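Given the structure is predicted, the values throughout are model-derived calculations rather than measurements.
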Amino acid sequence: MSTPALEIIDVSHHYGNNRVLHHVNLQIAAGQVVAVVGPSGCGKSTLLKAILGTHPPSSGRVLADGQEIRSPSRHVGIVYQNYALYDFLTARENVAFGLKLDQTTLMQRIFVPWTLRKKWQAHRQLADDFLVKVGLEKAGNLYPGQMSGGMRQRVA
């Protein structure tokens, strides 16, 4: 059996006397899609922050690819429901934009953008590959406002 991509082991967390997570255990395989659902205040955000590494649990462990998460890193990230996308860019352009920022410097983008044409083309192709991985390949040319509320029906 392979190592889970994400593993939550006996995680508990409290803020003062307020316990928000109590011995949570979870294993998520690579490529698996999981939804965290519950009422306000039940610990969803606290669990996500523990996974992100910004708020380590009071007890228990969070592992990503077998490595314990103790602080934020470039290998673990969260895409929040709101404010995570530029509404003037398509889904493909939003994904490619993140790659562009990660793999080029500000100086390159300002002073020698013509030298980056091939790299940006590769970013767009990689963005398409990422969209396929998460089942959003048909949404590549849609803007965020076109995807909310029933996106699957519009894209299908």
In this structure, are over 12 heavy atoms from other groups packed under 6.0 Å from Gln67 atom CD? no
Rest of the hydrophobic cluster containing Leu106 (Ile/Leu/Val/Met/Phe/Trp/Tyr, side-chain heavy atoms under 4.5 Å)? Met107, Ile110, Phe111
Determine yes or no for a side-chain-to-main-chain donor-acceptor pair under 3.5 angstrom, with Ser71 supplying the side chain and Gly53 the backbone. no
In plain terms, say whether Arg61 and Asp10 are close enough for a salt bridge, that is, a side-chain N and a carboxylate O under 4.0 Å apart. no
Please answer whether the main-chain N or O of Gly38 pairs with a side-chain N or O of Lys44 as donor and acceptor at a distance below 3.5 Å. yes
Nearest non-hydrogen partners of Pro144 and Asn94, listed with the distance: CG-ND2, 4.0 Å
Nearest heavy atoms of Arg70 and Pro56, plus distance in Å: O-CG, 3.7 Å
Decide yes or no for Leu89 and Tyr143: does some side-chain heavy atom of the first lie under 4.5 Å from some side-chain heavy atom of the second? no
Can you check whether Leu142's main-chain N or O pairs, donor with acceptor, with Thr90's side chain at less than 3.5 Å? no
Any chance you could measure Lys100, atom NZ, to Glu93, atom CD, to the nearest 0.5 Å? 10.0 Å
Are the aromatic rings of Tyr86 and Phe97 close, with centres under 6.0 Å apart? yes
Measure from the side-chain N and O atoms of Thr104 to the backbone N and O of Leu101, and report whether any donor-acceptor pair falls under 3.5 Å. no
Let me confirm one number: the NZ-CG distance from Lys133 to Asp128, rounded to the nearest 0.5 Å. 13.0 Å
Tell me, do His23 and Ser12 make a side-chain contact under 4.5 Å, heavy atoms counted? yes
Spacing of Gln108 atom CD and Gln103 atom CD [to the nearest 0.5 Å]: 10.5 Å
ILVMFWY network linking Phe130 to Val134, side-chain heavy atoms under 4.5 angstrom: yes
Taking the side chain as C-beta and beyond, is there a heavy-atom pair between Val20 and His14 under 4.5 Å? no
Are Val76 and Val34 co-members of a hydrophobic cluster defined by side-chain heavy atoms under 4.5 Å apart? yes
Side-chain heavy-atom pair Arg109, Leu116 within 4.5 angstrom cut-off: yes
Heavy-atom pair with the smallest gap, counting every atom of Ile69 and Ala64: CD1-CB, 3.6 Å
Minimal non-hydrogen separation, Pro4 against Gln27, with atom names: CG-CD, 3.8 Å
Are Val62 and Leu47 packed together at the side-chain level, in the sense that at least one heavy-atom pair is separated by less than 4.5 angstrom? no
To the nearest 0.5 Å, what is the distance between CG (Leu126) and NZ (Lys119)? 12.0 Å
Donor-acceptor under 3.5 Å (Gln32 side chain, Ala29 main chain): yes
Between the CD atom in Glu68 and the CD atom in Glu7, the distance rounded to the nearest 0.5 Å is 11.0 Å
Check: His55 and Thr46 side chains under 4.5 Å, non-hydrogen atoms: no
Flag yes if Ile9 and Val24 sit in one hydrophobic cluster, no otherwise; membership is Ile, Leu, Val, Met, Phe, Trp, Tyr, and two members link when side-chain heavy atoms are under 4.5 Å apart. no
In this structure, would Leu52 and Leu48 fall into the same cluster of hydrophobic residues linked by side-chain contacts under 4.5 Å? yes
Side-chain touch Leu63/Leu6, heavy atoms, less than 4.5 angstrom: no
Are Trp120 and Val112 grouped together when hydrophobic residues (ILVMFWY) are joined by side-chain heavy atoms under 4.5 angstrom apart? no
Rounded at 0.5 Å granularity, tell me how far CG in Leu99 sits from CD in Gln125. 11.5 Å
Nearest heavy atoms of Ala91 and Ala139, plus distance in Å: CB-O, 3.4 Å
Are any of the side-chain heavy atoms of Val11 and Ser59 separated by less than 4.5 Å? no
Considering non-hydrogen atoms only, spot the tightest contact between Arg92 and Ala127 and give its length. O-CB, 3.6 Å
